[in-house]
Structures are given as structure tokens and as C-alpha cells.
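This report concerns only the one structure given below.
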2 protein chains.
Amino acid sequence: MNDSGENGEKKKSRRPSQERTAQRDPERTRAAILEAATREFAENGMGGARVDAIAERAGTNKRMLYHYFGDKEQLYLRVLEEAYVGIRTAERALHIGDRSPEEGIGELALFTWRYFLQHPEFLSLLGTENLHRARWLRQSVRLKELHSHLIGELSQVLEQGKKQGVFVETADPLHVYLTIASLGYFYLSNQYTLSTIFGRDLIEPTHLNAWESHIVHVTLASIKR
Amino acid sequence: MNDSGENGEKKKSRRPSQERTAQRDPERTRAAILEAATREFAENGMGGARVDAIAERAGTNKRMLYHYFGDKEQLYLRVLEEAYVGIRTAERALHIGDRSPEEGIGELALFTWRYFLQHPEFLSLLGTENLHRARWLRQSVRLKELHSHLIGELSQVLEQGKKQGVFVETADPLHVYLTIASLGYFYLSNQYTLSTIFGRDLIEPTHLNAWESHIVHVTLASIKR
DNA sequence: CCATCAAGTAACTGTTTAGTTACCGGCTTG
DNA sequence: CAAGCCGGTAACTAAACAGTTACTTGATGG
């Protein structure tokens, strides 16, 4: 049609290299997609998340998303893996064995609660993954090792506490961790329905602080001799 | 094409009223849609659920679904409302005030755990609704009253326990209920990721029973003087 | 016995969606 | 300096989707 419309003006118009630094930056684009995907999957779940929305949030387009991550499912799995790496890495830095057993457990409970509070997207991703019965997580090859450290360290702290006579003999490391995680997860992830049906705004700082103390108290009460 | 193939045999063939009872049954169709929708929404969430799939599961078609429930969102809200009515109704039948305070609380904890265990679709619906920040539940006009009874009854039991000196003065009814619900909800709704990352099948009867005892133990340990 | 209305079917429609293709432009390297 | 490769764009496609329309069937009351 408009073959002749090519137009003599040099279309180049070559921008005067102001800000030479890369419009072209693979690493940044990749990271932007991953972050945008984390938010989109966390807000809408696997079924509700839109590939177009992720591309737009990342300030790029679908072509790049498929280029770097394959397809929607693989991108979702990367998001989930990164989320787990995040919490397990931060957990390791705690070194709960450095204090008294009681303080160590209290520390872990506080840390877990605060991490959940500051990373709502992590809770949301867990919810989504469980809705699908861990369909994607099960395929992950990167995560088998990641979690054993936590249970190992927790186990040592409990043993020490038993030896010192401050913890009951029946205290089990997985149960202790599940107790801590349960109390934090449910309160935060279900805050919207709970606030609605009980007519109390659970995210208000006063209630938040009360629940934080409650978690530490319940956890220790359940294992102290 | 086969206009002439109409075939002289009277098509009516009027079945001999064996089983006169309605192929036509509004109430049954309605109930079938509601049940099919409960399963579909529980399995796939709001974003992942398919209206066609619900119609097929109900053994009917989309026309009826839209006829009885308006649209997908209204159907979803009905499903959610019915789920809440289910648990709150069963809870009322417990009459936790009829026993000693300690037994009453233990009873409530056991009931809640077992109800969650037998109604995974309820947990799943809660998860979905919270992903969407209670967007639909908030619109419900039917549910304001429903939940106050639970807190009221629980409050009385706690007061009685305090008067008898078996519970600490700081025990709070909402906290007690949230504790019970947390421990049951998290264990069950997150069983898939937990079983995967910790390499232990949480749904196995042995572990299930251990966690049941754990919930009762933790709940009481947190409020006993 | 026929007029009417509710229950039910199935095919259709416009839109949204995951995934693809054809193309652009600048940087690197032989 | 040209060849080709890599980061990037935008328009396209086939399928899936929520919601609608045109139609059929059967029960009921005047």
C-alpha cells in the first residue's frame, strides 16, 4: 500500500546518546518480570493471573516473558522457588542455637511472624500452591535440600532444652515449627474473612502486637515443663 | 438433508409413566448446581473455576445456572454462604457450656479439627475468598448475625473457667478460637506443600491423630492457670 | 383441549487469553 | 564494515471463556 510512503526523512533520528546506559539490559528485564509475576500470582492465584498483566507490570512484553521463562507454569514455579529461598535464607541467618533454648524458640517464633507480616505475597503463593495440591512444587528439583536445615537446627535446640530440663520430653521439632507457622499463617492469610465475620479489624497495630505476644506465649507454653 | 428421514413412527413414544417422578425438578437441579459449584470453586478457586464445568458436573447446562443464580459471582457467594452456615450450625449443636470449662474448650477444639478434616472444601473456599480480600463475603447481608453466637458462648465458658480458677484471667475468646482454628486450618490446608518440603505424609492417620491431640493440648496449655 | 408458563436444551457471540510470528535496531566481532 | 545475533516490540491466532438467544418439552388450570 504505502510502499512509496517510506518518507525521505531519515527515520533514524539517532538519539544523542544522553543516558548511554542500556535500555537494553537482560538482567534487569528478567528481574522485573520475576517481581511482577510474584505480585500478579500472589494477588490473583495461578488461575486468575494474566500473562499480559505480568508483562505490563514489568514494563516489557510477553515475548520477553516467554523468552526468559518458557511459559506461564515455569514462570510460576520460579516465583514459588524464589519465595521459599527467601524465607529459608533469612531463617538460617538467625542462628537460634546461639542463645538459651527458650530464647531460641521465642526468636524463631518472632522471626516467622514478622517475616509473614512483611511478605504477604509469600503466604498467598503458599495458598495458591496448596489449592493445587503442590502440583508445581512437587516438580521442583531445587528444593529438596533447602528445608532440612531448619528442622535440624530446631531439633538441636529442643534437645538441649530437654537436657536442661526446661522442655518436656515429648516436644517434637516438626510440631513446634507447625505450631509457630500455623498461628502466624492463619491470622494473616485469613484476616479478611475473619475481620469481616467477627467485626474486628485484625490488621490494626494493637491487635497485631497482641497476636505476636500470643504466638510466643502459646509456643513456649506448649513445650515448657 | 434428511428431511424425509423424519420417520413415520410417532416420535412421542410416550413413556408408560414408569417413574412418573419429574425429570423436571427445579429443587433438585438447583441443589445439584450448588453442590457442583462448591466442588468446582473449592478445587479451582474463583479464577480457575469454569461455569461450563459446573453445569456439566451438575448434569445440566449453563442456561439453568444463570437462571437460578444470576451469574458466576452470585453463585460463588451462595456457595460461600452455605459453607459458613454449615459449620456455624454444627457448632451450635455442640453446647460447649454444658460441661466443665476445660472439657468445653477441648470439645470445641476437637469439633473444629474434625469438621475441617471432613470438609476440605470449606477450607479451600476460605482460602480463595481471602485471596480476594473477602471481596464477595463483604457483600453478603446474610452473615452478620451468624458468627456472634460462637464468640458469645465461648466467652461464657471462659468466664466460668476464670471464676473456677482453672483459666488465666488474660484468656480472650477470640484469641482462643483463632488458636484452635489456626492449628487445624494450617495443617490441613497446607498439607501438600508441607508434606513435600518436609518429606512426611501429613495426611497419614498416625500423624493426623498426633496433631489432633496436639491441638487440644496446645489450646488448653495456653489458657490454663 | 388449548393457552400459557416454567423447566430444560443446544448452538451461538463477543471477548479474553496463552502462546506465536514477523519484524526492528543496535551492539559485537571477524 | 558487514554479518549476524540478541534484546526488544507489536500485531496476530486459535482456543477457551462467560454470558445470551432461539428453541423444545411437558405440566397445569380455565
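For the atom pair OH of B:Y115 and CZ of B:R88, the computed distance is 9.0 Å after rounding to the nearest 0.5 Å. To the nearest 0.5 angstrom, A:L146 atom CG is 7.0 Å from A:R92 atom CZ. Here CZ of A:F122 is found 4.5 Å from CD1 of A:I87. Values are rounded to the nearest 0.5 Å.
The stretch residues 63-76 of chain B touches DNA chain C through B:R63, B:M64, B:H67, B:Y68, each having a heavy atom under 4.0 angstrom from the strand. Contact check of residues 33-61 of chain B against DNA chain C (heavy atom, cut-off under 4.0 Å) returns B:T60, B:N61.
Contact of the B:Y192 side chain with the B:L202 side chain is not registered, since no non-hydrogen atoms from C-beta on lie closer than 4.5 Å.
Between B:K62 atom NZ and D:dC23 atom P there is a gap of 19 Å when expressed in whole angstrom units.
A donor-acceptor pair under 3.5 Å is absent between the side-chain atoms of B:S195 and the main chain of B:D201, judged by distance alone.
A:S222 and A:H175 form no side-chain donor-acceptor contact under 3.5 Å, judged by distance and modelled atom types alone.
Here the closest heavy-atom approach between residue A:Y84 and residue A:H147 is recorded as CD2-CE1, 3.4 Å.
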Notebook entry, point to check: Given A:E40 and A:R50, is the salt bridge (Lys or Arg N to Asp or Glu O under 4.0 Å) satisfied, shown in steps?
Noted result: CA-CA 7 Å; A:E40 177 73 10; A:R50 298 293 161 242; over 6 Å; no
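Distances shorter than 4.0 Å separate none of the side-chain N or O atoms of B:T29 from OP1 or OP2 on C:dA7.
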